[in-house]
Protein chains: 2
Amino acid sequence: MTSTAAPGSNAGTKGVARADREAQIVDVACRVFGESGFAGTSVADIAEAAGISKPLIYNYFGSKEGLYAVCVRYAASTLVDEIERTAQTGEVGLARAVVTLDGMFRVLAPQPWIWRLVFDPTSPPDGEVAEILADHEQRILTFGLEGVAELLRQVGNTDERDTSAMRAVWENVFRTLVTWWLENPDSPEEMTQRCIRLFDSVFGDGTQPLGTVSGSRGA
Amino acid sequence: MTSTAAPGSNAGTKGVARADREAQIVDVACRVFGESGFAGTSVADIAEAAGISKPLIYNYFGSKEGLYAVCVRYAASTLVDEIERTAQTGEVGLARAVVTLDGMFRVLAPQPWIWRLVFDPTSPPDGEVAEILADHEQRILTFGLEGVAELLRQVGNTDERDTSAMRAVWENVFRTLVTWWLENPDSPEEMTQRCIRLFDSVFGDGTQPLGTVSGSRGA
DNA sequence: TCGATATGACTCACGAGTAAGTTACCACAT
DNA sequence: ATGTGGTAACTTACTCGTGAGTCATATCGA
């Protein structure tokens with residue numbers, strides 16, 4: 001008998017429309033990829049977590065990387081949208097950083113895994129995913145970088161390499177605050193207040209604290 | 001024909017003593033692991049780069065992870081040794097940070113790949129390697145952490161979670177400066193000067209710059 | 001000739017991707 | 001209302017490549 005799917009098997013439609021199924025798979029995949037990373041996740045893992053079979057994923061997304069690309073696109077654009085939303089508040093300098101961080105904490109609170117999706121070190125370095133990340137990552141982390149150059153200019157430093165290094169540092173301060181929060185969860189409000197305190201500790205001269213921007217949530 | 005190594009093959013001793021061969025393999029492995037990460041490196045890659053065959057590596061190191069453990073141990077203790085050496089200069093606060101960074105740049109200049117070995121995100125999360133890293137990583141990055149708590153205390157903040165977050169930030173500032181330098185190479189001296197300028201820009205009030213500790217190299 | 005050094009050719013597990021089949025819904029003819 | 005066929009949804013059981021780890025054998029210095 002060359003029959004590959006025995007009668008009485010689970011094969012066959014379960015009445016779930018393709019669009020619904022795709023959305024469900026993407027949702028599950030985001031969490032699993034976010035937890036284990038691209039390299040650490042097998043397509044079978046996702047299929048099992050979603051309660052379906054592996055070939056269905058290939059039917060709908062073509063490849064592991066195809067599915068991953070959809071997840072990354074969703075994650076990246078979620079973060080970018082939030083950043084560009086908070087950018088409209090018109091804050092500048094540290095206040096802008098606080099508002100942006102506050103926005104991050106709020107979007108990430110219900111779906112913390114999407115952060116790891118965007119910054120997954122095992123994500124494939126070439127191909128579609130890399131392009132998506134290249135497109136978005138800059139926008140995700142570039143928001144306050146003019147502020148860095150400005151800070152250095154104020155003390156008379158216009159060196160390009162100094163500015164580049166300082167940008168890298170600032171980028172990672174931002175990333176670290178978010179990452180720390182994901183590993184040490186809090187309410188977004190509390191974490192924003194914490195960031196304000198920390199910025200004040202480092203930068204503040206005590207006279208005009210950042211506290212005034214707390215709780216701001218534009219448009 | 002059950003012969004597995006044909007007559008006239010390359011099999012047989014090449015007169016290299018085991019200790020020498022081991023050292024050579026570790027040296028090559030450090031570079032390859034450092035470039036491609038643990039997960040991205042196959043044992044065959046290392047064997048080829050070292051000009052030997054795969055089974056020899058298993059003879060000497062038992063497993064891929066066994067070899068990796070030796071590499072990580074070397075890398076981690078190199079960094080820790082340097083940190084503990086500079087700690088003896090007795091500097092405190094930011095000056096200590098500068099001295100430590102300066103030491104890092106000098107050890108890493110001739111063997112930059114060992115940094116990546118210690119902070120490889122694809123390194124196995126359990127087992128011997130994880131233990132080695134857990135033992136060393138703390139010492140690598142903890143050097144200035146009392147300074148963080150002190151900074152916060154000075155502004156009247158003794159909150160534990162604030163301190164924890166601030167520690168994470170400072171850790172990553174340190175890491176980012178080193179990583180940026182590895183990706184944008186410079187002489188160690190120039191990079192140390194850069195760090196001094198950047199610290200001055202952020203923390204300095206302009207009156208007593210950190211420049212006085214430049215070039216310090218203890219004991 | 002014995003033991004250390006060394007290798008070619010294997011096994012085995014795992015994960016990406018595929019071929020070929022099964023089941024259920026639905027439009028439509030009767 | 002009921003058979004009938006087309007099609008979308010779905011699965012089982014495979015292939016195939018890759019990389020970790022092993023075995024049996026070969027060479028050479030002492």
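Note on naming: letters A, B, ... go to the chains in the order of the sequence lines (proteins, then strands), and numbering restarts at 1 for each one. The basis for the numbers below is simple: all heavy atoms, side chains too, and nothing from hydrogens, waters or symmetry mates.
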Less than 4.0 Å between a side-chain N and a carboxylate O, is that true for [Y] and [X]?
| X | Y | value |
| --- | --- | --- |
| B/Arg73 | B/Glu128 | yes |
| B/Arg31 | B/Asp27 | yes |
| A/Glu189 | A/Arg106 | yes |

In whole angstroms, how far is the [atom2] atom of [N] from the [atom1] atom of [X]?
| X | N | atom1 | atom2 | answer |
| --- | --- | --- | --- | --- |
| B/Asn59 | D/dA24 | CG | C1' | 13 Å |
| A/Asp45 | C/dG15 | CG | P | 7 Å |
| B/Glu48 | D/dT18 | CD | C1' | 15 Å |
| B/Ile57 | D/dT22 | CD1 | P | 14 Å |
| B/Ile46 | D/dG19 | CD1 | P | 12 Å |
| B/Tyr58 | C/dC10 | OH | C1' | 14 Å |
| B/Glu22 | C/dA6 | CD | P | 11 Å |
| A/Phe38 | C/dA16 | CZ | C1' | 10 Å |

Checklist entry - Which sits closer to the 5' end of DNA chain C, B/Pro55 or A/Glu65, going by the nucleotide each is nearest to? => result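 Upstream on the strand: B/Pro55.
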Next on the checklist: For a quick check, tell me whether the side chain of B/Lys54 and the base of D/dG21 share a donor-acceptor pair closer than 3.5 Å.
Outcome noted: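 Indeed there is one.
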Go through [options] for me and flag the one nearest to the [X] side chain.
| X | options | value |
| --- | --- | --- |
| A/Arg18 | C/dG8, C/dG17, D/dA9 | D/dA9 |
| B/Tyr60 | D/dT11, D/dC23, C/dA6 | C/dA6 |
| B/Arg21 | C/dA6, D/dC10, D/dA20 | C/dA6 |
| B/Ser42 | C/dG17, D/dA13, D/dA20 | D/dA20 |
| A/Leu56 | D/dG21, C/dT7, D/dT11 | D/dT11 |
| B/Lys64 | D/dT11, D/dG21, C/dA6 | D/dG21 |
| A/Val43 | D/dG21, C/dA16, C/dA6 | C/dA16 |

Checklist entry - When you measure from the centre of the six-membered ring of A/Tyr58, is the NZ or CZ of A/Lys64 under 6.0 Å away and within 45° of the axis? => result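 Relative to the ring axis of A/Tyr58, which defines the angle, A/Lys64 lies outside at least one limit.
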Checklist entry - Quick one: is B/Ser53 getting a side-chain N or O under 4.0 Å of the C/dT7 phosphate, OP1 or OP2? => result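 Result: yes.
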Checklist entry - At what angle, to 10 degrees, do the two end axes of the helix from C/dT1-D/dA30 to C/dT30-D/dA1 meet, given five pairs define each axis? => result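 The value is 10°.
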Checklist entry - So, do B/Leu79 and B/Leu108 sit near enough that their side-chain heavy atoms are less than 4.5 Å apart? => result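 Touching, per the 4.5 Å side-chain cut-off.
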Checklist entry - Would a 4.5 Å heavy-atom cut-off, applied to side chains only, mark A/Cys195 and A/Thr192 as touching? => result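 A/Cys195 does not reach A/Thr192 side chain to side chain.
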Checklist entry - Side-chain donor-acceptor pair under 3.5 Å between B/Asp45 and B/Ser42, yes or no? => result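 B/Ser42 and B/Asp45 do have a side-chain donor-acceptor pair below 3.5 Å.
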Next on the checklist: Using 30° and 60° as the class boundaries, would you call the ring planes of B/Trp181 and B/Phe105 parallel, tilted or perpendicular?
Outcome noted: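 Plane angle between 30° and 60°, so tilted.
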